[in-house]
Amino acid sequence: MHAIYLVIAAACILLIGYRLYGTFMASKVLAIDPRIVTPAKRLEDGHDFVPTNRWVAFGHHFAAIAAAGPLVGPVLAAQFGYLPGTLWILIGGVLGGAVHDMVVLFASIRHDGQSLPQIAKKEIGPVTGAAASLAVLFILIITMAGLSIVIVSSLNTNPWGAFTVAMTIPIAIFIGIYMRFLRPGKLGEASVIGVALILLAVALGPMIKSSALAPYFNYSVHAIEIALPVYAFVAAALPVWLLLAPRDYLSSYLKIGTIGALALGIIFVNPVLQMPPVTKFINGGGPIIAGKVWPFVFITIACGAMSGFHSLIAAGTTPKMLESEKDIKIVGFGAMLMESFVAIMAMIAASVLPVGDYFAINTTPAVFAHLGMHVDKLPMLSNLIGLNVAGRPGGSVSLAVGMSYVFSSIPGLSHLVAYWYQFAIMFEAVFILTAVDAGTRAARYVVQDMIGVVIKPFKKITWWPGAVISAALVSFAWGYLLYGGNISTVWPLFGVSNQLLASLAMVVGTSIILKSTGRISYALTTFIPFIFLFITTLDASYFNVTKVYLPQHMTLNVILSVIMAILALIIVADAFVKWAALIRDKKTLESQRLRHQEIVKDLAAK
């Protein structure tokens, strides 16, 4: 099948989903009210609560949520064929992921920008609040390690790529200062300057690679594993306007532009999908993912369709930035669907590679030797890129090779393959780092809240000693898990923990919708995705523990998996008791239904 059919179908489905289902969720279910003053304005402090232009906020949110998941997850899931992953991305993105993100963002704004555990405590009860705090902290730490492990192999002994990625940090700081002090309000100027500087960094890469500066950017695996949490610590402690917001803003539109260019390249080249719709590995035993297509296609793709990590941004940095509730739809629902489109592009980029080339990149040479497959264009592409790309598992390298393969097929552009590859590596790394710094900041909020129970000043997120200490603790924890890990040990743990968190966020969303609308039918918008994802994730976790972790004596992974499953079950049991009590109280439920109906009518009239 030609790739163009997938591009057109995906774009149409996602646009229709945004227009119809997104509008239904915003106007009918949540009754978004632009008249309500948001926390960003009401609690403005110039550090964390900062009213932000809706497009900058969209850029931050999209960049923060669209990390490794939509890029790497579909690439790894292509092992099952392109069809299972594509169906889940489109169906799950509209009916699950976008609803999840929008509801959590709405809930946090209505709760003064509070975190998911704080909202859970108020909406369900103290038991759920305490369990959610521990679950979120565990999951955040695992998530940061899972996201970071992806770029380790792509930056390993790659001075060109490392230089380009490193330069995005001072560029972002400069743009942050430019927008706040030098030329306030000149968003267009800042955008042009920032993107131009990033492209210049890519162009200078070959000079750095062959200069005396090369050793300063030629990092080993362990050096990268140390540098990443150090960077996250700094980003999480600094004011949001200085590094996090401008970096995310710049990278988001760079990402959207790159994905748009890839879509145009696919339309122009119209490559044939080499990967079959379904492979023999749907029944398990694959060299990349050991489990069967169910439940592992849903766990592996993660952020591309539905992701618990998004709830930490939607109830972390983003609700402290929105100027108006009317921005919730474009930022919450819209950014998720944009991420789903990114995931479709990643699936296509992996699937246009010859099947043998795909597996040669995503497995070690020893594993590939037993698959009985042969490489096709990989030696030629490695020569053009100037780097041996075989045996670099993790998904990021195969995605970059796939993107390079598409662009190099355009007449007159084949001599730029090395540039396309390094640009794609930078593109992926920036995707991931923006989520890492936002996620570390979100974890910092959770840690400050937990320590604040004992040491009161920690409760104030702007208290510098608390911010620095909490950021350091979080960065060290996930850095420890990252150091010495690999994609086969960290990514499955990340996938399960990520989807468990999505399930818990949907539990909170169901409680809020049921209480505020009085309609069981409206609560099903979050309850149905919750049930499906919760059962799927527990099944995957059981498989990982019994078939992967215990046989390989991975004790830490077993402990973390069991703890997360127990915490999740506690939260779900507590929520079911709460829901039963709400449904039995017919009088209150009817009163809320009538009140919500009046609000919807009033907003529609205005």
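With sequence neighbours excluded, no residue forms a salt bridge (charged side-chain N to carboxylate O under 4.0 Å, His left out) with Arg519. With sequence neighbours excluded, no residue forms a side-chain hydrogen bond (donor to acceptor under 3.5 Å, both in side chains) with Glu323.
The CZ atom of Phe341 sits 8.5 Å away from the CG atom of Leu15 when rounded to the nearest 0.5 Å. Going from atom NE2 of His111 over to atom CD of Gln118 covers 10.0 Å, rounded to the nearest 0.5 Å. Interatomic distance, CD1 of Ile224 versus OH of Tyr231, reported as 15.5 Å (0.5 Å rounding). Atom CG of Leu14 and atom CZ of Arg19 lie 15.5 Å apart (nearest 0.5 Å). Of the inter-residue distances, the one linking Met167 atom CE with Leu204 atom CG reads 8.0 Å to the nearest 0.5 angstrom. A distance of 11.5 Å separates OH in Tyr483 from OH in Tyr480, rounded to the nearest 0.5 Å.
Residues Ile16 and Tyr21 form no side-chain contact, since every pair of their non-hydrogen atoms from C-beta on lies 4.5 Å or further apart. At a threshold of 4.5 Å between non-hydrogen side-chain atoms, the residues Val474 and Phe233 do not count as touching. Using a 4.5 Å heavy-atom threshold, the side chains of Ser511 and Val508 count as separate. In this structure, the side chains of Ile142 and Met564 come closer than 4.5 Å at one or more pairs of heavy atoms. Contact check for Lys28 versus Tyr522: side-chain heavy atoms found under the 4.5 Å cut-off. Thr52 is not listed as a side-chain neighbour of Leu322, based on a closest heavy-atom distance of 4.5 Å or more. Residues Thr440 and Trp478 have side chains in contact (heavy-atom distance under 4.5 Å, counting atoms from C-beta outward). Between Leu603 and Arg35 the shortest side-chain heavy-atom distance falls below 4.5 Å.
With Asn498 contributing its side chain and Ser307 its backbone, the two residues share no donor-acceptor pair below 3.5 Å. Within the 3.5 Å criterion, the main-chain N or O of Gly129 finds a donor-acceptor partner in the side chain of Ser133. Panel note: side chain Ser340, backbone Gly304; a donor-acceptor pair is recorded below 3.5 Å. Side chain of Ser470 to main chain of Gly466: a donor-acceptor pair is present (N/O by atom type, distance under 3.5 Å, no hydrogens or angles). Using a distance-only test at 3.5 Å, with no hydrogens or angles considered, no donor-acceptor pair links the side chain of Gln448 to the main chain of Lys459. Using a distance-only test at 3.5 Å, with no hydrogens or angles considered, a donor-acceptor pair links the side chain of Ser311 to the main chain of Gly308.
Salt bridge annotation for Asp45-Lys460: absent, with no cationic side-chain nitrogen under 4.0 angstrom from a carboxylate oxygen. Taking the charged nitrogens against the carboxylate oxygens, Lys326 and Asp33 have no contact shorter than 4.0 Å, which rules out a salt bridge.
Within 6.0 Å of the CZ atom in Arg595, the count of heavy atoms belonging to other residues, nucleotides or ligands does not exceed 12. Other residues, nucleotides and ligands contribute more than 12 heavy atoms inside 6.0 Å of the CZ atom of Phe24.
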Does Glu339 form a side-chain contact (heavy atoms from CB on, under 4.5 Å) with Ile65? I'd like the steps, not just the answer.
CA-CA 8 Å; Glu339 183 174 358; Ile65 65 171; 3.4 Å; yes
Between Leu567 and Leu500, is a side-chain contact (heavy atoms from CB on, under 4.5 Å) present by the stated rule, with each step listed?
CA-CA 10 Å; Leu567 290 172; Leu500 272 180; over 6 Å; no
Could you go through the side-chain contact (heavy atoms from CB on, under 4.5 Å) check for Thr525 and Met25 one step at a time?
CA-CA 9 Å; Thr525 59; Met25 290 297 302; 3.9 Å; yes
Pair Phe49-Asp112, side-chain contact (heavy atoms from CB on, under 4.5 Å): steps then yes or no:
CA-CA 10 Å; Phe49 290 89; Asp112 294 332; 5.9 Å; no
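Scanning both residues, Ala568 and Phe534, for their nearest heavy atoms gives CB-CE1, 3.8 Å. Nearest heavy-atom pair, Gly17 versus Val94, reported as atom, atom and distance to 0.1 Å: CA-CG1, 3.9 Å. When all heavy atoms of Phe458 and Ile469 are compared, the pair lying nearest together is CZ-CD1, 4.1 Å. Of all non-hydrogen atoms in Ile171 and Ile198, the two that sit nearest each other are CD1-N, 3.8 Å. Across all non-hydrogen atoms, the minimal contact from Leu116 to Ala315 is N-CB, 3.8 Å. Scanning both residues, Ala575 and Val507, for their nearest heavy atoms gives CB-CG1, 3.3 Å.
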Less than 3.5 Å apart, which donor and acceptor atoms pair up between the side chains of residues 100-110 and the rest of the protein, not counting sequence neighbours?
unit_1	atom_1	unit_2	atom_2	d
Asp101	OD1	His310	ND1	3.3
Asp101	OD2	His310	ND1	2.8
Ser108	OG	Gln114	O	2.8
Arg110	NE	Glu325	OE2	2.6
Arg110	NH2	Glu325	OE1	3.2

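A cation-pi arrangement is present between Lys320 and Tyr445, with the terminal nitrogen or guanidinium carbon under 6.0 Å from the aromatic centre and inside a 45° cone about the axis.
Under the 3.5 Å distance criterion, with hydrogens and angles disregarded, a donor-acceptor pair is assigned to the side chains of Lys329 and Thr23.
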